[in-house]
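The figures that follow rest on heavy atoms only: side chains count, while hydrogens, waters and symmetry mates do not. Counting starts at 1 for both ligands and their atoms, in listed order.
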Amino acid sequence: MTVPLGLAQSVVNLAYVVAAIGLILGIKRLSSARTARSGNWIAAAGMAVAIAATFTSREITSYWLIVAGIAVGTVIGVASARLVKMTAMPQMVALFNGVGGGAAALIAAAEFHRLAPEAGHMRGDTVAASMFSALIGSISFSGSLVAFGKLQELLPGRPLTFRGQNVFNAALFAATLTFAVLAAATEQQPWMVVLLVAALVFGVMLVLPIGGADMPVVISFLNAFTGLAAASAGFVLSNNALIIGGTLVGASGTLLTILMGRAMNRSLANVLFGAFGAPAPSGAVASGAATDGQVVREITAEDAAAMMAYARQVVIVPGYGLAVAQAQHATRELADMLEARGVSVKYAIHPVAGRMPGHMNVLLAEANVPYPQLLDLDEANPEFPRTDVAVVIGANDVTNPAARSNPESPLYGMPILNVDQAQNVVVLKRSMNPGFAGIENELYYNPKTAMLFGDAKASVERLVTSIKEV
Ligand code: NAP
């Protein structure tokens with residue numbers, strides 16, 4: 001029995017709508033740790049429906065090639081999901097994002113090759129969509145590979161800059177756009193190749209001057225690029241699922257980039273062109289008003305443990321140092337012991353604590369910290385005035401009061417956790433070295449603050465041992 005073409009197309013489009021609903025519901029559920037796991041499954045099911053529907057296309061010439069591609073992708077995907085460590089997640093996202101962009105660029109190039117054997121064969125809108133996909137997809141591919149290299153320490157993490165770099169990059173981008181216009185106007189294959197190469201080089205040059213610590217913002221930004229490139233490839237192929245899926249990725253990547261920028265009080269332009277994260281000139285850190293005649297108070301693990309054990313409420317503030325030291329399990333043990341003594345324990349999570357969005361949530365979830373104990377910035381700040389001890393574990397910038405009080409500070413305006421409003425503050429870090437922003441933290445000179453120096457994991461373990469003896 002043959003199915004009428006119109007009916008078959010309607011069924012495929014219906015399946016794409018089901019797939020789109022799955023993707024949207026999946027993303028919605030990813031917004032809470034409680035529902036994220038099921039969200040992931042729903043989105044994966046939506047994607048499976050989209051792939052199955054695409055299999056009915058009459059334009060497919062080789063099913064085996066597609067099945068082989070899916071098999072290779074599945075093996076790599078499953079292996080990396082199981083083997084890659086939580087701390088290496090940002091670079092894995094960079095890599096996967098990059099290949100998405102590369103795939104969109106290849107689709108554009110292949111369709112251009114197929115539809116434009118000679119000038120005048122392509123519709124204007126298809127040409128425009130192909131150029132956009134090739135341009136944005138290639139930038140995302142090579143930019144993401146550089147981001148991967150920096151995070152994996154295959155490339156230096158510091159910003160790689162040279163004099164006149166921004167002008168050079170602007171000229172390179174202008175040339176790349178010109179190649180896109182030439183390829184579109186002439187429909188000549190060589191211009192497409194030149195466009196792809198120039199866009200790849202531009203992607204590398206765009207990311208090289210950005211410091212390793214800013215890579216999460218860059219990856220999220222390039223993720224938005226990949227989404228737009230995929231949506232555009234959907235227009236080239238007249239594939240609704242690709243258009244919807246790509247647009248969702250483009251929109252969520254854009255929103256995430258904006259939210260991360262806001263939480264760091266930095267504009268995207270500052271991240272992309274500011275070469276932030278360059279080593280501070282010698283002496284820059286040690287200078288400044290905060291150190292003038294002010295003293296830092298040290299505390300022993302025994303004294304800090306006693307203070308916590310007799311507290312009514314303790315709020316733990318985790319940061320990048322907790323991730324470096326892998327202190328999450330020891331921290332959970334500390335919290336359990338305090339709770340067993342009747343102390344109320346909460347965790348205050350700053351949106352950009354650590355080096356990627358959700359970094360602290362992922363680590364604490366790994367240690368099975370109950371979700372209700374995790375407070376976000378807005379929930380945590382009202383708690384500090386009624387908190388006896390705020391325990392800052394490897395967090396620095398996200399607690400710096402200069403963000404509230406010092407208009408000269410690079411952090412000024414960044415929303416912070418107001419730990420200085422607690423009755424006592426205990427800070428666990430190895431030295432007086434600054435954090436990501438490279439600046440002094442006034443908190444350490446506050447008379448309420450006591451420093452417990454040492455590796456975060458070792459210090460928390462010492463606190464656990466000491467509490468047993470209180
Ligand atoms: P931070 O300001 O970078 O400070 C981390 C502190 O941890 C350092 O001062 C360091 O001091 C300490 N530390 C490092 N290793 C340690 C160890 N093994 N044991 C104990 N302490 C250790 O971190 P944060 O407060 O979490 O703030 C995050 C920063 O990253 C913000 O400036 C944010 O804007 C930026 N950022 C975040 C994201 C994101 O998505 N989360 C993205 C890009 C940038 P010592 O060396 O003295 O130990």
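If you check which protein heavy atom lies closest to atom 47 (O) of ligand 1, you get Ser431 OG, 2.6 Å. Looking only at protein heavy atoms, the nearest one to atom 29 (C) of ligand 1 is Arg355 NH1, 3.4 Å. For atom 21 (N) of ligand 1, the nearest protein heavy atom (residue, atom name, distance) is Lys429 CA, 3.6 Å. Atom 18 (N) of ligand 1 has as its closest protein heavy atom Asp455 OD1, 2.9 Å. Summary of contacts: the protein heavy atom closest to atom 43 (C) of ligand 1 is Ala213 O, 3.1 Å. Remark: minimum distance from atom 9 (O) of ligand 1 to any protein heavy atom is reached at Asn396 ND2, 3.0 Å. For atom 20 (C) of ligand 1, the closest non-hydrogen atom of the protein is Ala456 N, 3.3 Å. Shortest contact from atom 35 (C) of ligand 1 to any protein heavy atom: Phe436 CD2, 3.3 Å.
Counting all heavy atoms, side chain and backbone alike, Gly26 lies closest to Ile42 at N-CG2, 4.2 Å. Looking at every heavy atom in both residues, Phe96 comes nearest to Ser80 through CZ-OG, 3.5 Å. The two residues Ala353 and Pro318 make their nearest non-hydrogen contact at CB-O, 3.8 Å. In plain terms, the two heavy atoms of Ala199 and Ile139 that are nearest each other are O-CG1, 3.6 Å.
Contact annotation: for Ser459 versus ligand 1, there are no heavy atoms closer than 4.0 Å. Of the heavy atoms in Met356, only backbone atoms (N, CA, C, O) come closer than 4.0 Å to ligand 1.
Residues Arg341 and Asp336 are not paired through a salt bridge, judged by the lack of any N-O separation under 4.0 Å between the basic side chain and the carboxylate.
Checked by distance only, ligand 1 and Gly394 come closer than 3.5 Å through their nitrogen or oxygen atoms. Backbone and side-chain nitrogen or oxygen atoms of Val352 are examined, and one is located within less than 3.5 angstrom of a nitrogen or oxygen of ligand 1. Residue-to-ligand polar distances place Arg430 within reach of ligand 1: an N/O pair is separated by less than 3.5 Å. Considering backbone and side-chain N/O atoms, Met432 never comes within less than 3.5 Å of an N/O atom of ligand 1.
Inspection of the Asn418 and Arg404 side chains reveals an N or O donor paired with an N or O acceptor under 3.5 Å. Looking at Glu333 and Gln328, their side chains never bring a donor and an acceptor atom within 3.5 Å of each other. Asn361 and Tyr347 are not linked by any side-chain donor-acceptor pair at a separation below 3.5 angstrom, with hydrogens and angles left out of the test. In summary, the side chains of Asn400 and Ser409 do not present any donor paired with an acceptor at a separation below 3.5 Å, with no hydrogens or angles considered. Side-chain contact, Asp420 with Asn446: no donor N or O sits under 3.5 Å from an acceptor N or O. Under the 3.5 Å distance criterion, with hydrogens and angles disregarded, no donor-acceptor pair is assigned to the side chains of Gln294 and Tyr444.
For Phe384, the CZ atom counts as densely surrounded, since its 6.0 Å shell holds more than 12 non-hydrogen atoms of other residues, nucleotides or ligands.
For the residues Ile439, Val317, Asp397, the heavy atom positioned nearest atom 2 (O) of ligand 1 is part of Asp397.
At distances below 3.5 Å, at least one donor-acceptor pair connects side-chain atoms of Lys448 with backbone N or O atoms of Ala422.
Residue-ligand proximity, Gly354 to ligand 1, at heavy-atom distances under 4.0 Å covers atoms 26 (O), 28 (C), 30 (O), 36 (N), 37 (C), 38 (C), 39 (C), 41 (N). For ligand 1 and Ala353, the ligand atoms under 4.0 Å from any heavy atom of the residue are 26 (O), 41 (N). Of all the atoms in ligand 1, the ones that sit under 4.0 Å from a non-hydrogen atom of Gly319 are 26 (O). Under a 4.0 Å criterion applied to the non-hydrogen atoms of Met260, ligand 1 contributes the atoms 40 (O). Atoms of ligand 1 found under 4.0 Å from any heavy atom of Pro216, numbered from 1 in the order shown, are 42 (C). Contact atoms of ligand 1 toward Val324: 15 (N), 18 (N) (distance under 4.0 Å to a heavy atom of the residue). Residue-ligand proximity, Met264 to ligand 1, at heavy-atom distances under 4.0 Å covers atoms 33 (C), 34 (O), 36 (N), 43 (C), 44 (C). Atom numbering of ligand 1 starts at 1 in the shown order; those under 4.0 Å from a heavy atom of Ala395 are 25 (O).
Val460 pairs in a side-chain contact (heavy atoms from CB on, under 4.5 Å) with only one of the listed residues (Ile316, Thr331, Thr465), which is Thr331.
Ligand 1 does not have Ala327 within reach: every non-hydrogen atom of the residue lies 4.0 Å or more from it.
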